[in-house]
Amino acid sequence: MSEPTAAGSPSPEVPAKSMEQIVSLCRRRGFVFQSSEIYGGINGFWDYGPLGTELKRNLKNAWWQDVVQRELIGPTGDAVDIVGLDCTIIMNPKVWQASGHVGGFNDPMVDCRASKARYRADHLVVLGSIAAGSRLWAFVEGDDAARTKATKALCKYEKCDAPDPARHVLRPFTAITADERARTIGPDADEPGSLTEPRMFNLMFETHCGAVRDEDSKAYLRPETAQGIFVNFQNVVDSTRVKVPFGIAQVGKAFRNEVTPRNFTFRSREFEQMEIEFFIHPSEANQWYAWWRDWRFSWWQSIGLTSSNLQLREHDRDELAHYAKEGAGTSDIEYRFPFTAPGFGELEGVAHRADFDLRAHATHSGKNDKAKYFDQARNERYFPHVIEPSAGADRGTLALLCEAYTPDPSRPSGVFMRFHPRMAPVKAGIFPLVNKEGMPEIGEKLFRTLRKKHVVEFDEKQSIGKRYARMDEAGTPFCITIDSETLSSQTVTVRHRDTQQQEKLGIEQVPAWLDRQIGLED
RNA sequence: GCGGGAGUAGCUCAAUGGCAGAGCAGCUGCCUUCCAAGCAGCAGGUUGCGGGUUCGAGUCCCGUCUCCCGCUCCA
């Protein structure tokens, strides 16, 4: 009996994968559709078809099983304690003030009509004379080259050797008047007046609770699932017997009103996250951060992302988020998608968020030090630090699709989907070789048996080759054929998707055999 | 948000301003003893959507939506 044929690196001689072809297959076979397509679609929203729904569900179930339900041994040799949570999408708006999303997601932006560039208004500063009618130069704060360039232009215009601090001042762009803005030359412009007024691009979706639509009833769709976990931290501690170190896991939808949704499902306005907030004593941050980073990376490999298209990348200090500057670090688990190649796109971020969130909610809720966690073993009261492995379910599903897509000109289908058996939407196809001699009846009986535990398909129509080809495009790892030998010696023929090779198996052994292939216990 | 390209059956594509078609896929039946075979049949469309010009628009014009590429954005 051969070993399971898990997904692996495509051999170097296979043709390159094109995103256009992957999108086409997703649509043709029912993995992913455009949302509300019959009305022309809607930018940034995607639906999963029957096969795609199974695939994404397999991904989320595997994550939940491996993170919450199954035993996971941590860096100290002890089992890692993680409990589940399922929070609402709409929460008290104060949550988003405390988290910094109201503000961070409300940045005013400035467009340049001449250069077509866009800048964050609060990043721009303006250099020039305060005298009426004189020219001003804008540049991005901290850009020394731009500052030098603006200074030179100013000196030439004002006919002086160096700026006079009494007259030539540096002011934030947001502080100048409309008249002054009309006299300002943009960072990448040659003439004044090309910069627009600062405009809001709010990335949080807004709604209203109740019938009255006013400022007081305004609410937001959550832009991340993490905050629901933080605001429930105390509830979980009080209602369960968890002790630090422990984690809280959540899978759920989040919404961001992205300026430019792009690249198929990679950047959508509605998406699903799989997040863990793991709470630790501050002294153990480095150990847990490194362990989570490495375990999460190996987890993605275990479900089929085994090629060099998966990488782990530690962030540089200067790209760290505001809450992570002093921490143990942040890293991204990245996949080389066809549309990012030769670069990579983020699948999951593992971040040491320190105590930023718990502390912020303690302050904003007025609970302050009463929100601290009491550690009995250490006899110490503190805000636990957090290691956050935050993964995108839709991005993970897309990576599985891209990784699985394997052109093979020698096959009738021209392509097959090389999903890991655990991820495959359909685990097996059951086919009578011909539609007579009692084969359909035997096949249907086997189908009913396997169906109790697995998604399997039964198909008695058309030629066997056509049925294999269809299963290749759906990514079904095994096809089980009832043939004349089944009638004489109770064996079936198993055809393996990746190698197209066949093996004989006693029909009674099939259920246990299939469990093993998919990674379930006997 | 800016610039460029595209949109006709599920897919790949035809149709000079003049009857919207083909191949493949799908479905039904026959056939078929291992890789999209064959035969017969069926179904599939307000040509992305909305206006306009015209006796007549898939085709010309305007608007709009969506997708792709390049910018921008992505705490």
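Bear in mind that the values here come from a model prediction, so they are computed numbers and not experimental data. The chains referred to below are lettered A, B, ... by the order of the sequence lines, with proteins before strands, and numbering in each begins at 1.
The only member of Phe233(A), Trp288(A), Phe383(A) that meets ring pair (Phe, Tyr, Trp, His ring centres under 6.0 Å) when paired with Phe279(A) is Phe233(A). Partner of Asp472(A) under the side-chain hydrogen bond (donor to acceptor under 3.5 Å, both in side chains) criterion, chosen from Arg467(A), Arg497(A), Gln500(A), Arg411(A): Arg411(A).
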Between N or O atoms, less than 3.5 Å apart, protein on one side and nucleotides 68-70 of chain B on the other: list the pairs.
| residue | atom | partner | partner atom | Å |
| --- | --- | --- | --- | --- |
| C68(B) | OP1 | Phe264(A) | N | 3.3 |
| G70(B) | O6 | Arg262(A) | NH2 | 3.1 |

Quick test: give all pairs of protein nitrogen or oxygen and nucleotides 62-65 of chain B nitrogen or oxygen below 3.5 Å, distance rounded to 0.1 Å.
| residue | atom | partner | partner atom | Å |
| --- | --- | --- | --- | --- |
| C65(B) | O2' | Gly40(A) | O | 3.2 |

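Counting non-hydrogen atoms under 4.0 angstrom, Gln500(A) reaches a base of the nucleic acid. Residue-level contact check: Arg411(A) touches neither bases nor backbone, having no heavy atom under 4.0 Å from any strand. Across all strands shown, Gln501(A) has no heavy atoms under 4.0 Å from either base or sugar-phosphate atoms. Heavy atoms of Asn435(A) sit under 4.0 angstrom from at least one base atom.
Across the protein-nucleic acid pair, Asp459(A) atom CG and U28(B) atom C1' stand 14 Å apart, rounded to whole Å. Atom CZ of Phe33(A) and atom P of C67(B) are 16 Å apart (whole Å). One atom, CG of Leu433(A), and another, P of U33(B), lie 8 Å apart when rounded to the nearest Å. Between Ile38(A) atom CD1 and G10(B) atom C1' there is a gap of 16 Å when expressed in whole angstrom units. Nucleotide G10(B) holds its C1' atom 11 Å from the CZ atom of Arg29(A), rounded to whole Å. Rounded to an integer number of Å, the gap from NE2 of His496(A) to C1' of C35(B) is 15 Å. The distance between atom NZ of Lys466(A) and atom P of C39(B), rounded to the nearest whole Å, is 12 Å. In this structure, CZ of Arg28(A) is placed 9 Å from C1' of G10(B), rounded to the nearest angstrom.
At least one side-chain nitrogen or oxygen of Arg27(A) sits closer than 4.0 Å to the OP1 or OP2 atom of C11(B). In this structure, Gln462(A) reaches the C27(B) phosphate: one of its side-chain N or O atoms is under 4.0 Å from OP1 or OP2.
The nearest pair of heavy atoms linking Ala226(A) to Glu275(A) is N-OE1, 2.6 Å. Glu272(A) approaches Val251(A) most closely through the heavy-atom pair OE2-CG1, 3.8 Å.
Nucleotides C73(B) and C2(B) place their C1' atoms 12 Å apart, quoted to the nearest Å. Between U16(B) and G26(B), the distance separating the two P atoms is 31 Å to the nearest Å. For the P atom pair drawn from U12(B) and A25(B), the interatomic distance equals 15 Å after rounding to whole Å. Between C11(B) and C67(B), the distance separating the two P atoms is 16 Å to the nearest Å. The C1' atoms of G58(B) and G7(B) are separated by 11 Å, rounded to the nearest whole Å. Comparing C61(B) with A20(B), their P atoms are spaced 22 Å from each other, to the whole Å. Between G50(B) and G29(B), the distance separating the two P atoms is 38 Å to the nearest Å. Taking the P atoms as reference points, C60(B) lies 42 Å from A36(B), given to the whole Å.
Under a 3.5 Å cut-off, the side chain of His364(A) and the backbone N or O of Ala360(A) do form a donor-acceptor pair.
Other residues, nucleotides and ligands place more than 12 heavy atoms under 6.0 Å from the CZ atom of Arg28(A). Counting non-hydrogen atoms of neighbouring residues, nucleotides and ligands closer than 6.0 angstrom, the CZ atom of Arg29(A) exceeds 12 such neighbours.
We find the CZ-CG distance between Arg395(A) and Leu347(A) to be 8.0 Å, quoted to the nearest 0.5 Å. A distance of 5.5 Å separates CG in Leu401(A) from CG in Leu55(A), rounded to the nearest 0.5 Å.
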Per-nucleotide pairing state of RNA chain B [Watson-Crick or G-U, under 3.5 Å; [ ] pseudoknot-crossing; | other strand]: (((((((..((((....[..)))).(((((.......))))).....(((((..]....))))))))))))....
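Cation-pi geometry between Arg495(A) and Tyr468(A) is satisfied (NZ or CZ under 6.0 Å from the ring centre, within 45° of the ring normal).
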Pair Tyr48(A)-Thr265(A), side chain to side chain donor-acceptor pair (under 3.5 Å): steps then yes or no: CA-CA 10 Å; Tyr48(A) 288 89; Thr265(A) 59; 4.7 Å; no
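The pair Glu441(A)-Lys445(A) does not meet the salt-bridge criterion, since no charged nitrogen lies less than 4.0 angstrom from a carboxylate oxygen.
For Phe264(A) and Phe266(A), the gap between ring centers reaches or exceeds 6.0 Å.
Taking the nucleotide of RNA chain B with the nearest heavy atom to each of Gln502(A) and Lys461(A), the more 5' of the two is matched to Lys461(A). Taking the nucleotide of RNA chain B with the nearest heavy atom to each of Glu437(A) and Pro412(A), the more 5' of the two is matched to Glu437(A).
The listed nucleotides are C34(B), A36(B), U33(B); the one nearest the side chain of Ser463(A) is A36(B). You'll find that the side chain of Gln34(A) is closest to U66(B), out of C34(B), A75(B), U66(B).
You won't find any donor-acceptor pair under 3.5 Å spanning the side chain of Glu473(A) and the base of A25(B), going by distance alone.
Side-chain contact between Trp96(A) and Met91(A) is present, with heavy atoms from C-beta onward closer than 4.5 Å.
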